[in-house]
Amino acid sequence: MTNSASETLIEMQNVDKFFGTFQALKNINLEVKRGEKIVVCGPSGSGKSTMIRCINRLEKHDQGHIIIAGKELTDDVKDIDAVRREVGMVFQSFNLFPHMTIVKNLMLAQRLVRKINKVEARETAMHFLERVKIAEQAEKYPVQLSGGQQQRVAIARALCMKPEIILFDEPTSALDPEMINEVLEVMTDLAKEGMTMICVTHEMGFARSVADRVIFMDAGEIVEEAEPEEFFKNPRNERTKKFLSQILTH
Amino acid sequence: MDAVTGWWDDYFWGSMVVLQVFIFSLLLMVLFGLIGAAAKLSDNRVAQKISAAYTVIFRGTPEILVILLLYFGSAIFLTSVAQVFNPEIKFVDVPPMWAGTFAIALIVGSYATETFRGAFLGVKPGSIEAARALGMSNLQTFVFIRIPEMWRLALPAFGNHMLSLIKDTALISIIGLNETFFVAKQAIGTTGEPFTMYIVVGAIYLGFSTIITLTVMGLEKFGLRTTEGAR
Ligand SMILES: Nc1ncnc2c1ncn2[C@@H]1O[C@H](COP(=O)(O)OP(=O)(O)OP(=O)(O)O)[C@@H](O)[C@H]1O
Ligand SMILES: [Mg+2]
């Protein structure tokens, strides 16, 4: 692993994505360097989820190029699997495996994908559960945990795969207000440790304190891209201004 | 009850026949159900239509009729096939055991088709996506995520299918299968005590169905332990 700070981990070049005849992404260009934290915001239906889901190929792009850690995403299954090993994802609805205990949730992909033995996989699992401060719940099942706890487990599950990049798709928007902070704290810690992150969120406090850049999307396009300071103080685009006035008055 | 004394061994062997038919029809039923469900879920129009016809036909006709038609139909069919090779053959007898096993598996399999299809669709897409995002292959996702979630969803209905199967074995006596019902009819012929003889049959079937019910309950408890409150 090379550690040059300027190494590009994610590159999207002129990416288009269609659902039938509906164009969900229009000419997306994005470059993310190692260790960068990007926050993506924008109105519902603007293509935020679609964009980050293209990065680990949960959606297939129709035009342009997506290059992750030097590997281009094509139809080649080997490349897709290789990319997925480097890219972790955290979903809005947690998506833990309901039939497995917490610790088994964390062990499964390590064993199947990384081919790590049981003992080591469990050790890694417990290590990351401790990091998200939830080790005592290891033998419980997902339904027995609160939403905030489940989301922290989901983050730990992604971390167990030792990814280079983690994608977050509105990780706090399904949570009760009192649980949002415990998840944001974990994410902030991760950011401090230098994890490369793309985070779809409307938590503007988090964006201000953590993001290197904020991206605003509307109607499938990246409309504005700026450092948080600049983004919140001097939004240039009319659509950004309108959006910000809406969410900041809440 | 004295009248039953001489018939215990016949009832025992009759029960073994029931058990054997149950086990084989269960395996076939699962197979037919899985094929039917896969066909319904596939993108192939023809496969969808065939599977739809299958469920409509077998759920919409009396079970006893299916058994009779399958038994005599296959006998006629096999006879005509055999006559092509040897015109001397007058009638090929199909073993009632196999015709019956096949028939009830087809019938209950048509119900299982819907159960398996529903269970497949009932698995939350989120779990599947999470597995794919973690780098698990399609096969790994199917085996470790979809199947374990599917069987939990399918179990309650599947328990009913097993009860249907065990009860349907009694219908096969009509084509001469030597099971408990058949034994009872013979016993009545010699002893003239229909009530006693049928009570024994009832007790045997109740025994089988109780075992099935308890097994399903145990499995459900095991399955629900993991999903309590989730559904
Ligand atoms: N599988 C799909 N099939 C058809 N259309 C889709 C599909 N997924 C997304 N879309 C459409 O693409 C557009 C972008 O969706 P996307 O989920 O990326 O928006 P989003 O910005 O994440 O919105 P939200 O804030 O509501 O999550 C929407 O108009 C949506 O209806
Ligand atoms: Mg979204």
[X] portion near chain B, given a 4.5 angstrom heavy-atom threshold:
| X | value |
| --- | --- |
| A:V77 | neither |
| A:L96 | backbone |
| A:R114 | neither |
| A:L58 | side chain |

* Hey, which of A:I52, A:V200, A:I38 is the one that makes side chain to side chain contact (heavy atoms under 4.5 Å, CB included) with A:L167? -> A:I52
* Asked: Going by atom types alone, do B:T169 and B:Y205 pair a side-chain donor with an acceptor below 3.5 Å?
  -> yes
* Asked: So, A:S173 and A:Q92: side-chain donor and acceptor under 3.5 Å apart, yes or no?
  -> yes
* Is it true that atom CZ of A:F18 has more than 12 heavy atoms of other residues, nucleotides or ligands lying nearer than 6.0 Å? -> yes
